Participant: 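Okay, here's the structure, questions in a sec.
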Amino acid sequence: MKNKKFLKSMLAVALALPLALTGVSPVEAAYTPSGTEIMFLAGLEATYNDPSKSYGLYDINMDSTVELFIGTAGKTGDTLDIFVFNEATRTPDLKKTIKKAVNVYDDYQHGQVIIETKGGGAVAYTTYKLNENGALKIKVSYTAKGGKYYKNKREISAAKFKKYKKKLEKNHTTIAFTPAASPWVDSSIPGVAEITGQPDLKDDFRLATTYSWLSEEHLTDGKSRVSTLSSPAATLEENSEELLTDTNKYTGENIDIVRTYYDMATDWDKRDQDRVDPLRKYIDAIQNVNSLSEMTDLLLSDEICAFVNPAWLYVYYDKNDMTDWAGYIVPNNFSMSPYDYQEAMAQGLPLDDFRWEFGNLVRYALSRAGYPSRMIEETLSGCYEYENTIFEETQWDEDEKWMSYSACTSMCKNFPLEETMHSLGATKGKILVLFPSYLKALDNIYTEKNLPLIKAELIAMTSYQCLSLLDFEAAAIANGYLSYNGESIIEEETGKAAYTDDEIKEELNKLAKERATSSNGLTHIAWEGAYMEAFGDPELKADLTRICEEEIATFEERIKKEDWLSAASKEAAIEKLHAMNFFILTSDDIIDASFLQMDPEMSYLEAYNQAFNADRKHLLSFVGEPIDHTRWNYDLMGSTTIMANAYYTQRLNIMTICLGIINDDTYRLDMSEEEKLSGLGYVIGHELTHGFDGDGCKYGKDGSLVVTEANPYGWFTESDFNAFYGKVGKVIDYFNAIWPTPESSCIGEALQGEAIADMGGVAVTLDISETIEDFDYDKYFRSLANFWKEQRTYESELNKLLTDEHPLNHLRVNVTLQQFDKFYETYGIKEGDGMYLAPEDRISVW
């Protein structure tokens with residue numbers, strides 16, 4: 001490599017950046033790139049600005065560090081250089097140069113590659129093995145030359161050669177090679193900007209406008225991503241800490257509920273004083289059952305642990321009919337997965353291999369609670385017999401089934417399903433049953449004869465589920481900080497305890513805080529309300545609501561102007577648009593969470609169980625009730641406002657701009673209109689467009705799925721449907737052709753929804769800009785690029801490319817902006833510039 005400056009800068013100890021920018025502590029270690037990232041950067045540097053070269057990355061021996069292949073075009077064929085990472089020097093080492101190479105085939109199962117070469121009338125397929133010392137050695141070579149065929153140097157028949165070639169092409173894929181930028185370099189990866197230098201904004205707008213930020217080091221070890229949204233995320237974290245701990249500044253019922261929960265969770269003196277004795281209340285209640293009718297009474301009472309009912313019920317929805325809330329029944333937890341059970345039985349594997357952890361935790365919990373070993377082993381044996389019977393009688397590959405309330409409850413003649421649902425507050429509505437045969441199996445086993453097995457299963461599961469809610473030792477074991485006998489886990493290298501008690505308590509307290517301030521924790525409803533009460537800003541909400549209303553009206557005008565849409569489809573689209581509800585920052589009606597209050601005089605387990613049961617009853621009371629699309633259901637659908645994000649819920653036709661996305665960097669009243677529109681204004685347009693992307697258009701105005709087998713065109717006419725999805729197809733094809741890294745192209749089908757929403761966000765805000773006098777388009781476009789500035793590790797970026805429905809951030813800027821005439825006009829972009837896209841190739845949908 002000619003220039004190692006970028007490696008030195010990445011490996012050096014960097015000055016820490018402000019917490020508000022990075023969201024990390026100044027004392028964290030400087031960022032150290034992985035071997036794979038170094039190989040990627042080496043390939044980029046070797047090929048950047050050299051059109052004769054391309055590069056590929058492939059982990060030959062699956063050791064988590066890729067090898068680097070650099071191809072150089074020549075008159076007589078390509079020259080292929082193969083580099084292997086040197087861990088000692090942390091640089092690529094050239095291991096092999098191969099002339100006239102045309103293809104590289106993978107063979108990761110054997111830690112080797114097959115390289116096809118052509119030249120001088122010969123075709124050869126040579127297998128190179130990567131040894132443990134990093135050497136590439138020839139393993140075998142098949143050659144065809146002058147009508148003769150060879151394996152190594154021994155002549156073979158044409159049939160054998162053709163059979164090998166056919167098998168090679170069938171079983172192996174070619175490793176992709178790409179130029180350095182296809183069509184733009186992925187500048188989010190640290191070190192890239194330093195290699196490329198600052199380009200002309202006409203060639204790579206995102207890199208050019210954010211070059212100064214991207215060329216600095218923002219990551220630290222342990223962080224895989226830093227972005228614009230790291231700043232509001234850091235603010236969210238700071239606000240949450242202050243809200244939880246500042247008892248003078250923040251008061252009220254909601255925050256008191258959360259603090260009580262957190263205080264009880266972290267009061268180790270009280271929890272240690274209670275020891276594991278609170279568990280006995282629930283175990284003894286089960287042990288004292290002497291008949292099936294008594295068991296039924298127990299299951300319907302508050303004396304049973306709320307987490308162990310065999311028929312687990314959630315509130316849910318029917319995507320085909322979003323009129324009423326529905327229920328959802330699934331089996332409760334088992335000691336092992338039913339799929340593992342099937343696999344074990346098929347292969348003759350010991351079931352204890354899958355149940356050893358569960359068994360050890362149950363043994364510990366029950367022995368600590370004072371139960372004799374014989375009773376404990378009988379309990380586990382009965383639990384396993386109960387489960388094995390259920391596993392055998394349930395069809396775990398069957399389809400879920402929607403049922404009426406009466407049809408569902410009538411499936412059980414023995415097990416008190418209807419009574420259970422009534423006791424939880426669900427008395428009507430449709431029910432989705434995940435495994436109908438499970439309910440039959442449950443009903444079959446719920447007999448007087450099987451009472452000992454039922455008791456054993458409930459005792460074992462109660463012990464297992466409650467362990468983390470008991471004293472310090474039990475909680476430490478349940479969370480993996482102590483061994484099953486309560487002793488310290490010893491590190492093999494040092495022979496010392498892996499954790500001190502103080503370290504364990506610190507981690508457990510941290511976990512309790514995360515649960516207390518989480519949108520899916522037990523007190524989430526109270527926490528949401530407390531955060532909105534503390535940090536909601538009516539002026540900001542009013543200003544964002546103004547922009548939202550402007551964008552709704554603007555999007556309506558865009559729909560009216562679409563010449564590919566018929567009048568009927570326009571009317572249906574506008575009807576859906578006006579039916580869309582939007583929730584901005586804070587709910588107008590804070591949900592009453594008083595049912596979550598916990599009594600500090602109780603044991604933590606009992607108080608938690610009581611609040612958990614109350615929460616379930618609150619949620620399940622909605623089953624069968626009409627869905628109110630104007631209500632912010634942050635209690636029902638995980639529709640939180642405490643995250644640095646925004647989202648559209650297509651099954652409710654609701655758009656949410658979260659309070660957690662707000663801080664001085666993302667939205668202020670004193671921002672210019674250009675900054676507002678290119679930031680959260682763009683985000684609002686993005687989210688409302690989701691109602692009309694390739695997936696959103698399959699849902700109607702109330703969120704019901706309307707594109708069905710019986711109604712294949714939904715609210716479109718047939719011709720409009722085909723025209724729309726033809727546009728979507730162009731988006732998919734465009735992204736499929738982009739290769740941000742040699743390891744993968746974009747997956748257009750996965751990205752189309754977010755890409756269309758990105759274009760919609762720019763489209764509506766640019767329309768609004770035309771109504772604003774002296775609008776500064778340069779400021780708007782640069783602000784938008786800055787909104788998407790981000791730095792990620794190579795591995796994180798590759799994972800996003802392969803799994804995330806959002807385009808990579810450099811593409812969210814460059815691909816989106818190159819679809820709009822105003823962008824070309826602002827910067828004088830013409831054919832030949834990197835940002836240019838011919839008008840007939842542009843892919844905007846709305």
Side-chain angles (χ1 to χ4, degrees), residues 319-320 322 551-552 555-556 558-559 561-566 568-577 579-580 646-656 682-738 745-764 800-809 811-812 815-820 837 841-846:
K319 67 179 181 180
N320 297 308
M322 294 298 292
E551 295 196 20
I552 292 284
F555 200 85
E556 178 179 353
R558 292 192 70 83
I559 292 171
K561 293 176 183 177
E562 296 289 3
D563 56 9
W564 56 275
L565 269 182
S566 68
S569 294
K570 287 180 181 180
E571 182 179 351
I574 292 170
E575 188 177 10
K576 177 177 181 179
L577 180 66
M580 185 183 295
Y647 50 90
Y648 171 75
T649 308
Q650 59 190 17
R651 292 188 175 96
L652 291 171
N653 195 22
I654 287 172
M655 173 178 61
T656 304
Y682 154 86
V683 170
I684 289 170
H686 171 103
E687 299 305 337
L688 75 86
T689 305
H690 269 313
F692 302 91
D693 65 22
D695 294 321
C697 281
K698 297 176 182 177
Y699 294 82
K701 63 181 181 179
D702 67 348
S704 297
L705 182 66
V706 293
V707 175
T708 63
E709 187 174 342
N711 183 36
Y713 308 114
W715 49 263
F716 283 116
T717 65
E718 179 178 356
S719 60
D720 293 343
F721 180 93
N722 293 332
F724 174 74
Y725 283 99
K727 286 171 164 281
V728 173
K730 287 187 69 175
V731 175
I732 293 171
D733 291 344
Y734 189 87
F735 275 93
N736 283 340
I738 297 175
S745 68
C746 293
I747 306 170
E749 181 66 40
L751 300 179
Q752 57 83 15
E754 296 296 334
I756 292 169
D758 282 343
M759 294 175 216
V762 173
V764 294
K800 180 179 180 181
L801 176 64
L802 296 173
T803 63
D804 199 320
E805 61 192 9
H806 297 83
L808 301 180
N809 279 21
L811 301 177
R812 298 190 79 166
V815 171
T816 304
L817 294 186
Q818 70 173 178
Q819 314 308 322
F820 293 93
L837 186 63
D841 295 327
R842 295 175 194 170
I843 56 174
S844 57
V845 175
W846 292 99

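Bear in mind that the values here come from a model prediction, so they are computed numbers and not experimental data.
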Participant: Aromatic rings His686 and His806: how do their planes relate, parallel, tilted or perpendicular, breaks at 30° and 60°?
Facilitator: parallel

Participant: So does Lys800 have more than 12 non-hydrogen atoms from other groups sitting under 6.0 Å from NZ?
Facilitator: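 Yes, the 6.0 Å shell around NZ holds more than 12 heavy atoms from other groups.
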
Participant: So how far is it from Lys570 NZ to Ile559 CD1, rounded to the nearest 0.5 Å?
Facilitator: 10.0 Å

Participant: Find the distance between CD1 (Ile574) and CD1 (Ile552) and round it off to the nearest 0.5 Å.
Facilitator: 12.0 Å

Participant: Between CG of Leu837 and OH of Tyr734, what distance do you get to the nearest 0.5 Å?
Facilitator: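 Result: 4.5 Å between the selected atoms.
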
Participant: Does Gly685 offer a backbone N or O that forms a donor-acceptor pair with the side chain of Glu551 under 3.5 Å?
Facilitator: yes

Participant: Measure the CZ-CG distance between Phe724 and Leu565 for me, rounded to the nearest 0.5 Å.
Facilitator: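 It is 9.0 Å, given to the nearest 0.5 Å.
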
Participant: So, the side chain of Asp758 versus the backbone of Arg812: is there a donor-acceptor pair under 3.5 Å, distance only?
Facilitator: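 It does not hold such a pair.
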
Participant: Quick one: CD on Glu754 to CG on Asp693, what's the gap to the nearest 0.5 Å?
Facilitator: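 Rounded to the nearest 0.5 Å, the CD-CG separation comes to 7.5 Å.
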
Participant: Taking the inter-plane angle between the rings of Trp564 and Trp846 on a 0 to 90° scale, is it parallel (under 30°), tilted (30 to 60°) or perpendicular (over 60°)?
Facilitator: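 The arrangement is tilted - the two ring planes meet at 30° to 60°.
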
Participant: For Asn653, which residues count as a side chain to side chain contact (heavy atoms under 4.5 Å, CB included) partner, sequence neighbours excluded?
Facilitator: Lys576, Ala579, Met580, Tyr648

Participant: Distance check, rounded to the nearest 0.5 Å: Met322 atom CE versus Asp702 atom CG?
Facilitator: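 One finds 7.5 Å between CE of Met322 and CG of Asp702.
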
